[in-house]
Protein chains: 2
Amino acid sequence: MSSRGRPRSFSREQALKNAMHLFWDRGYDNTSLADLTRAMGLNPPSLYAAFGSKAQLFIEAVDFYGRTDGAGIWDYIETAPTAKEAVRQLLTRTAENFTRSGEPRGCMVVLSAPQMAGGDADVCDALKARRLEKQLALEHRFKRAVAEGELPPEVDCSGLAAYVASLQHGMSIEARDGAARDTLMAIGACAIAGWDAMIAASGRATATVPAASASISPSA
Amino acid sequence: MSSRGRPRSFSREQALKNAMHLFWDRGYDNTSLADLTRAMGLNPPSLYAAFGSKAQLFIEAVDFYGRTDGAGIWDYIETAPTAKEAVRQLLTRTAENFTRSGEPRGCMVVLSAPQMAGGDADVCDALKARRLEKQLALEHRFKRAVAEGELPPEVDCSGLAAYVASLQHGMSIEARDGAARDTLMAIGACAIAGWDAMIAASGRATATVPAASASISPSA
DNA sequence: CGATTTATGTATTGATCGATACAGAAAGGA
DNA sequence: TCCTTTCTGTATCGATCAATACATAAATCG
């Protein structure tokens, strides 16, 4: 559109990357504009001219995260040959991605603003939408697996997606709390080890957690 | 000690309860002292005299949460007759607790301040310690199950505890994002359905997520 | 009673928050 | 060249942040 006017003296991408790292590390609330302008190497008016507001900058930073550091986690859900392999890849890549040295641990989308009340509504909604989007992608993949005959038709694709998403979200907390890569890998290994049994049981008991098989009789 | 002086004109427990609800709903950063004094029905000097600071009030509120609304989730880990039943109870109670009407959804310990950088260090450390404490309680319970012969000695108790804790933490995100109780129950049902297979596989593959059994051959 | 101790209500503190006003600088268009 | 457009740096805006000074009220102790 307009190439008129004084040209921008900083790289928008680089500034966005720096902002993303800061938000990722500290969260939305704990990152101040003073922190941002310092890390991005520009003054407030330049920041507002380029990004609009702190909230809009954050949302752009989340998108940037999804295109860069957060990429590669969910990218193979559709291309993996089976649903089980898709989950295995997801959890393996998650374990690797969440424990890369020199970067904040865990997922920016999960950790940077989990509260839904009191904060900026646009920020919360943007993060929530991205979380649900991934969960829906899982459900979609599982439904495809049903259509392809990999999974039986009775399987509860929605519940299974919620299970995998929940586990993957929880790994962000684990990672932020200091879990080693091996620990995150062990978490993924558990899910994969139980996968076939989950599939076999799914659809028969979706709404209630069935009682444990009483190999040891309960209490009395 | 001292019954001298003008008596407190408010219920410390009630004020703490109100503060807890606010912190639980909005998180630490998004709750201001103005919010707190209004909800607690007292003036700033009374708050500071009774609780010390915002951070100390928060930590007391977290303890209060653990004694009240958060209680009942983890209380049966040790008393459940088997490890599997302990996990089933944990996840069932979690699903119920996280979706009670009239209360914030999800766990205060997970949601109210997950960031480890930039915020108040005491607050972050207190929450992290409470999370790890629960995970260690799980590991402890699993080790006991090994000693009692319920679980085989090769089982990776630490990895299994991380798996269950991760899933339970992720359920907080799901709940806050609006998941129904049935959905959370389905998540728990998945874990229970896969439990025996996880136990059977545990210890044989702890540090890596094994490749999916190629019932459908991968790619080429 | 008077002295001491503790809590309360009003008013306000300095710091920091996110966001701008303003003037000068650097580009293109005529 | 002069005008318009856009960005940059300085300085600062009003609002809100967590936290207190201060005087007064209400209790116990001697």
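Throughout, protein chains are lettered first and strands after them, A, B, ... in sequence-line order, and every chain is numbered starting at 1. Nothing here was measured: the structure is a model prediction, and the numbers come from that model.
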In whole Å, I'd like the distance from the [atom1] atom of [X] to the [atom2] atom of [N].
X	N	atom1	atom2	answer
L47(B)	dC17(D)	CG	C1'	14 Å
K54(B)	dA19(D)	NZ	C1'	12 Å
R12(B)	dA7(C)	CZ	C1'	14 Å
N30(B)	dC17(D)	CG	C1'	13 Å
L33(B)	dC17(C)	CG	P	16 Å
R38(B)	dA18(D)	CZ	C1'	15 Å
Q56(B)	dA18(D)	CD	P	15 Å
M40(B)	dT8(C)	CE	C1'	15 Å

Considering just the side-chain nitrogens and oxygens of [X], establish if one lies under 4.0 Å of OP1 or OP2 belonging to [N].
X	N	result
S9(B)	dA7(C)	no
S32(A)	dT16(C)	no
N43(B)	dG9(C)	yes
R8(A)	dC7(D)	yes

Counting side-chain heavy atoms from C-beta on, which of [options] comes nearest to [X]?
X	options	value
P45(B)	dA21(D), dA18(D), dA26(C)	dA21(D)
F10(B)	dA19(D), dT8(C), dG18(C)	dT8(C)
R6(A)	dA19(D), dA25(C), dA26(D)	dA25(C)
P44(A)	dC17(C), dA19(D), dA11(D)	dA11(D)
R4(A)	dT5(C), dT4(D), dA7(C)	dT4(D)

Salt-bridge test for R93(A) and D75(A): reply yes if a basic N is under 4.0 Å from a carboxylate O, no otherwise.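 No, R93(A) and D75(A) are not salt-bridged.
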
Looking at K143(B) and E139(B), does any basic side-chain N land under 4.0 Å from a carboxylate oxygen?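 Yes, charged N to carboxylate O under 4.0 Å.
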
Could you tell me whether the side chain of S166(A) and the main chain of M171(B) form a donor-acceptor pair under 3.5 Å?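 Side chain of S166(A) to backbone of M171(B): a pair is present.
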
Hey, is the main chain of A50(A) close enough, under 3.5 Å, to the side chain of R12(A) for a donor-acceptor pair?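 Yes, the answer is positive, given that a donor and an acceptor are paired below the 3.5 Å cut-off.
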
Which residue lies toward the 5' end of DNA chain C, G5(B) or G41(B), if each is placed at its nearest nucleotide?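 The answer here is G5(B).
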
Hey, does T37(A) reach any base, or is it just sugar-phosphate, or nothing, if we go heavy atoms under 4.0 Å?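 T37(A): no heavy atom of the nucleic acid under 4.0 Å.
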
If each of P7(B) and A55(B) is mapped to the nucleotide of DNA chain D with the nearest heavy atom, which maps nearer the 5' terminus, i.e. the 5' end?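 Closer to the 5' end of DNA chain D: A55(B).
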
Given W24(B), F23(B), Y65(B), the one that forms ring-ring contact (aromatic ring centres under 6.0 Å, His included) with F58(B):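 Running ring-ring contact (aromatic ring centres under 6.0 Å, His included) over W24(B), F23(B), Y65(B) with F58(B) returns exactly one hit, F23(B).
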
